[in-house]
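Working notes, beginning with the structure itself.
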Amino acid sequence: MSNRYIPHTDEDIRRMMKSVGISSIDELYADIPAEVIFGRDYMIPSEMSEIEIRKHFDELASKNEKLTVFAGGGVYDHYAPSVIPHLLSRSEFYTAYTPYQPEISQGTLQYIFEYQSIICELTGMEVSNASMYDGATAAAEAMFMMVASAKKKNKILLSGTVRENVADVVRTYASFRGIEVETVDEKDGETDREQLLAKLEAGDVAGVLTQQPNKYGIAEDFSGVADAVHAAKAQWTLIADPSALAVLKTPAAWGADIACGDGQTLGMPMQFGGPYLGFIATVNSNLRKIPGRVVGATTDVDGKRAFVLTLQAREQHIRREKATSNICSNQSLMSLYATIYVALMGKEGMIEVNRLSSDGAHYLHDRLLETGLFTEVFPGKPFLKEFTLATDLDMETLESHLAEKGFMGGVVVKPGTATFAVTEKRTKEEIDKFVETIARLAAK
């Protein structure tokens, strides 16, 4: 065999090529432009001793620039207790893959059960699935749930204050399922309430998607939204930051039907964009529409506590065209990460994370205004750890110069604005140095 990790024999490959009408594997890549094909050997040594390979990777890692992060935009530099990687590597968790056989998968089933319990406690919802790929695809899956529940309606209202990367994924998924996505404009940094109500009253709406905190960092007031959505016989999904839910009003308390989002804020390193964790939770009436699987607790033949797959929609396997979603695997290792993080932090620790983040964000907010280089965009709007200011500075140039000075900060949400974020990891000294760096760069 040409590749020891691919089980197909040469005869298997010949038969497959014949069935699709090609004479060589290279023909599968004929449509790929030659200029994007990597046409040389990888710079990977053929063999090394353990000492040599450790040194090799240390040298590669040293090329990464470690910046002090004041950027957010959906990914945040939260602290992770050092014990997490060690617990992740325990064999009863790490080696188990898919828990179809409960007698040999109790470790996996238990932590998934605990993960679901934690997500339900954070969101206030009644049921959670066994995790998703990331926050953006979780929002898209929530959209599918709302359309499936509405049966004959296929229009989704998407708030203009939802982060653009999430909105783009939702629209992409919708385009292949014949779902109409209609944007509700923003007003003063929040969802335009009057426009939302008008679109709901016009009818034919299956569901509404909003975000909390939104792309500007604002904690929106959603009072009355649930009543309006339900009066239109639609459902409401609130995309939420699970860490912030330790102190903010929960989706369930707002009256939302579905809560979803990205679990990266539960201590996961930013690590170049992933892997992260998507979560989705809902009310009991949506249980049969939730994608993936649900793990439950039971007792074995000896009366001892045990864990099993309680629910997995059979349509995912034998009637795929009828399924709400065909997702059946998940970011299981990352859901274990989130479970350990929340268990270690505890209720008071989660609250403290948000208190420190909020204190730091408000301090940075005030310091930036004091420079005279920034002004309020949404005065008086409440925020937790992220905020948006207006500026005449060229933010792309500033970001580049800040990186040279060891900082990452200032995310452009729209022209003439910059969004900054502060987590519990940032000190007063770091914040002061960051502000002084911006002031010096702007003065040049």
Side-chain angles (χ1 to χ4, degrees), residues 5-7 80-81 83-123 125-135 137-138 141 145 242 259-264 266-269 274-282 284 286-320 323-345:
Y5 299 107
I6 298 177
V83 71
I84 293 178
H86 301 284
L87 294 176
L88 282 177
S89 299
R90 287 183 62 89
S91 60
E92 67 267 37
F93 300 140
Y94 196 72
T95 59
Y97 170 58
T98 188
Y100 292 121
Q101 295 176 273
E103 63 273 18
I104 61 171
S105 302
Q106 283 300 293
T108 298
L109 289 164
Q110 179 178 359
Y111 79 68
I112 291 177
F113 178 83
E114 301 297 351
Y115 161 81
Q116 293 170 175
S117 302
I118 285 169
I119 294 299
C120 286
E121 186 166 352
L122 286 172
T123 62
M125 290 293 173
E126 296 168 313
V127 61
S128 164
N129 78 346
S131 79
M132 311 285 295
Y133 295 128
D134 58 24
T137 53
E141 294 291 341
M145 288 174 62
C260 66
D262 204 303
Q264 185 274 332
L266 299 177
M268 294 175 194
Y276 295 150
L277 165 74
F279 75 87
I280 193 165
T282 188
N284 273 331
N286 279 337
L287 179 59
R288 290 282 175 179
K289 299 291 189 297
I290 202 167
R293 56 174 75 94
V294 175
V295 171
T298 184
T299 55
D300 64 13
V301 292
D302 298 318
K304 297 178 181 178
R305 191 183 191 214
F307 302 92
V308 294
L309 282 178
T310 300
L311 176 70
Q312 186 169 14
R314 69 192 184 100
E315 286 81 5
Q316 291 190 169
H317 303 291
I318 62 174
R319 296 173 61 206
R320 292 176 65 84
T324 302
S325 169
N326 292 130
I327 283 182
C328 54
S329 61
N330 60 26
Q331 292 286 55
S332 188
L333 184 64
M334 304 316 293
S335 65
L336 173 58
Y337 192 113
T339 303
I340 296 172
Y341 171 84
V342 176
L344 287 170
M345 300 302 286

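Every heavy atom of this structure was used, including side-chain atoms; hydrogens, water molecules and symmetry mates were not.
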How long is the gap from [atom1] on [X] to [atom2] on [Y], to the nearest 0.5 Å?
X    : Y    : atom1 : atom2 : answer
Y115 : N129 : OH    : CG    : 6.5 Å
M345 : L266 : CE    : CG    : 10.0 Å
M132 : D262 : CE    : CG    : 11.5 Å
I84  : L344 : CD1   : CG    : 5.5 Å
I340 : L88  : CD1   : CG    : 4.5 Å
E114 : I119 : CD    : CD1   : 12.5 Å

4.5 Å side-chain heavy-atom contact, [X] and [Y]:
X    : Y    : answer
M268 : P275 : no
T282 : L287 : no
F307 : P102 : no
L309 : V294 : no
I112 : S332 : yes

Specify the closest pair of heavy atoms between [X] and [Y], including all atoms of both residues, with the distance to one decimal.
X    : Y    : result
M145 : I280 : SD-CD1, 3.7 Å
A138 : F279 : CB-O, 3.6 Å
Y111 : S335 : CE1-OG, 3.7 Å
P85  : P81  : CD-O, 4.1 Å
P242 : G263 : CG-CA, 3.9 Å
M125 : A281 : CB-CB, 3.7 Å

E121 CD: over 12 foreign heavy atoms closer than 6.0 Å
no
Using modelled atom types only, decide if a donor and an acceptor are shared between the side chain of D300 and the backbone of D302 within a distance under 3.5 Å.
yes
Side-chain donor/acceptor of Q264 to backbone N/O of Y276, under 3.5 Å:
no
